[in-house]
Participant: 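I have a structure I would like to understand better, so I am pasting it below and will then ask my questions one at a time.
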Number of protein chains: 2
Amino acid sequence: MALDHAILVSLLEKPGSGYELARRFERSIGYFWTATHQQIYRVLKRMESDGWIDVRDVPQQGRPDKKEYSVAGPGRDALSAWLGEPIEPESVRHDLAVKIRGAAFDDPAALIGEVERHRRAHTDRLAHYLAGEARDFGEPGRPFDGPPDAERELQHVVLRGGIAYERMMIAWLDDVLATLARFEAGH
Amino acid sequence: MALDHAILVSLLEKPGSGYELARRFERSIGYFWTATHQQIYRVLKRMESDGWIDVRDVPQQGRPDKKEYSVAGPGRDALSAWLGEPIEPESVRHDLAVKIRGAAFDDPAALIGEVERHRRAHTDRLAHYLAGEARDFGEPGRPFDGPPDAERELQHVVLRGGIAYERMMIAWLDDVLATLARFEAGH
DNA sequence: ACACTCATGTAACAGGTTACATGATTAC
DNA sequence: GTAATCATGTAACCTGTTACATGAGTGT
């Protein structure tokens, strides 16, 4: 049920169309939650008929018209209620770990290329996160001015989580590569 | 489709019943893949009818009889084929990150208890992993004896991944707690 | 008696994935 | 012309979750 809430949070941060939400789920929110446009349109339709969100037709020039969604009272209440409920520390799913343990019954060295591919994907994502952090949270001339901005600081701490995750993964994949190298032919 | 492969790997490591597999998915394999017994029985039935695995009725005394599954030729081939295919670096799903960004529109400080609960769950898991590592990979009198054992070393590197993940999470949750504390009432 | 472990399942439903479909505008 | 972006959807299917169901044996 958390896709509903992820969409509500995104719409609170900024109202937008299903298409725009789908794009956000490829970027910022996509760092910790994925969803395709098909899923998003389905959930938007349900939340609209439940009165959680409002729609507004927005005519555009040079582009197709769009429907802009924003969070209504009941949607906000639903989000609040969910925030108050405890959630279980999430279950993990690492295909790569299954492959690594499975490689013991095949050719471990054959997995090296695959692990390297994943390592590249993670270094790319790390670079992307770090660029985003510098852009959005670089605060060049903003030392001690005013009260903390919750939205901004909470977005930043989530991004720091993504950065920590990518760094951890890169270090671990290096460990995996070193381990696999011990099983290469001729050794 | 990777539950199939996770089960195949587990059965290659050691043949067993659906019930035993379900228990393994709460422990060792469960570190990186979760599955309930209902899912497992469904997949076992399908893999058996596809000839990927063999069944053997094992009568037991003092306990109900069980069906012991083991991997057959076609199952091994299917696993090999899957190991050779590239997989996409996995998509993440962090309910807690959704909550943290959502807290900006509610009461950020109200999330502290929840984050502390998660932190406790992760320190517990870390302790559990470390105990397992000491037990299974402590190698007290085993410095340079013989060739590397692929199954054992690959299980160990996957476990090290779990340990790195829990350590990263604990450090990040501390960061989150420090951030949330800035929004507490009276500050 | 009651709860727990071992052991195997069915059924209904919710959620996620993949494929297909349409149509306008902009850039090369 | 061809591809890419913007924009919204339907349909079929596969996976995962939750609830229900049964039944023997062990421990308190």
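What you see below is based on every heavy atom in this structure, not just the backbone, and it leaves out hydrogens, waters and symmetry mates.
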Participant: Is the phosphate of C/dT5 approached by B/Arg23 (side-chain N or O, under 4.0 Å from OP1 or OP2)?
Facilitator: no
Participant: Using whole Å, what does the distance between atom P of nucleotide C/dA14 and atom CZ of B/Arg93 come to?
Facilitator: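 B/Arg93 atom CZ is separated from C/dA14 atom P by 18 Å.
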Participant: If you define the side chain from C-beta out and look only at heavy atoms, does anything of B/Leu44 sit under 4.5 Å from B/Ile7?
Facilitator: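 Heavy-atom side-chain distance check passes, below 4.5 Å.
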Participant: Does any part of the side chain of A/Leu8, heavy atoms only, come nearer than 4.5 Å to the side chain of B/Phe105, both counted from C-beta?
Facilitator: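 No. Closest side-chain heavy atoms not under 4.5 Å.
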Participant: Can you list, by residue number, the residues of residues 74-85 of chain A that have a non-hydrogen atom closer than 4.0 angstrom to DNA chain D?
Facilitator: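 Residues of residues 74-85 of chain A that come under 4.0 Å of DNA chain D do not exist, since none gets that close.
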Participant: With side-chain contact (heavy atoms from CB on, under 4.5 Å) as the test, pick out the partner of A/Leu180 among A/Asp175, A/Val115, A/Asp107.
Facilitator: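 Looking at A/Asp175, A/Val115, A/Asp107, the match for A/Leu180 under the side-chain contact (heavy atoms from CB on, under 4.5 Å) is A/Val115.
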Participant: Could you pull out the closest heavy-atom pair between A/Pro74 and A/Trp52, with the gap in Å?
Facilitator: CB-CD1, 4.2 Å
Participant: Less than 4.5 Å apart, side chain to side chain, heavy atoms only: is that true for A/Leu177 and A/Ile112?
Facilitator: yes
Participant: Take A/Gln61 and B/Gln60, find for each the nucleotide of DNA chain C with the closest heavy atom, and name the residue whose nucleotide sits nearer the 5' end.
Facilitator: B/Gln60
Participant: Over how many whole Å does the gap from B/Leu3 atom CG to C/dG16 atom P extend?
Facilitator: 17 Å
Participant: Testing the basics here: between A/Leu111 and A/Ala103, what is the closest heavy-atom pair and its distance to 0.1 Å?
Facilitator: CD2-CB, 4.2 Å
Participant: Does A/Arg63 put a side-chain nitrogen or oxygen below 4.0 Å from OP1 or OP2 of C/dT25?
Facilitator: no
Participant: Yes or no on salt bridge (Lys or Arg N to Asp or Glu O under 4.0 Å) for A/Glu114 and A/Arg117, after CA distance, side-chain angles and deciding distance?
Facilitator: CA-CA 5 Å; A/Glu114 172 83 334; A/Arg117 263 190 52 244; 2.4 Å; yes
Participant: For a 4.5 angstrom cut-off between non-hydrogen side-chain atoms, does A/Gln60 reach A/Ser17?
Facilitator: no
Participant: Checking A/His118 side chain against B/Ile87 main chain: does a donor-acceptor pair fall under 3.5 Å?
Facilitator: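 Checked: pair present.
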Participant: Kindly give the heavy-atom pair with the smallest separation between B/Ile100 and A/Leu154, and that separation in Å.
Facilitator: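 Taking B/Ile100 first and A/Leu154 second, the nearest heavy atoms are O-CD1, 3.3 Å.
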Participant: Please list, by residue number, the residues of residues 64-72 of chain B whose heavy atoms come closer than 4.0 Å to an atom of DNA chain C; answer none if no residue qualifies.
Facilitator: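 Only B/Pro64, B/Asp65, B/Lys66, B/Lys67 qualify.
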Participant: Using heavy atoms to find the nearest nucleotide of DNA chain D for B/Gly62 and A/Glu20 separately, return the residue whose nucleotide is more 5′.
Facilitator: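 It is A/Glu20 whose nearest nucleotide is closer to the 5' end.
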Participant: What parts of residues 26-51 of chain A reach DNA chain C, counting only heavy atoms under 4.0 Å away?
Facilitator: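 Residues of residues 26-51 of chain A under 4.0 Å from DNA chain C: A/Gln38, A/Gln39, A/Arg42.
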Participant: Contact between A/Glu20 and A/Lys66 at the side-chain level, heavy atoms closer than 4.5 Å - yes or no?
Facilitator: yes
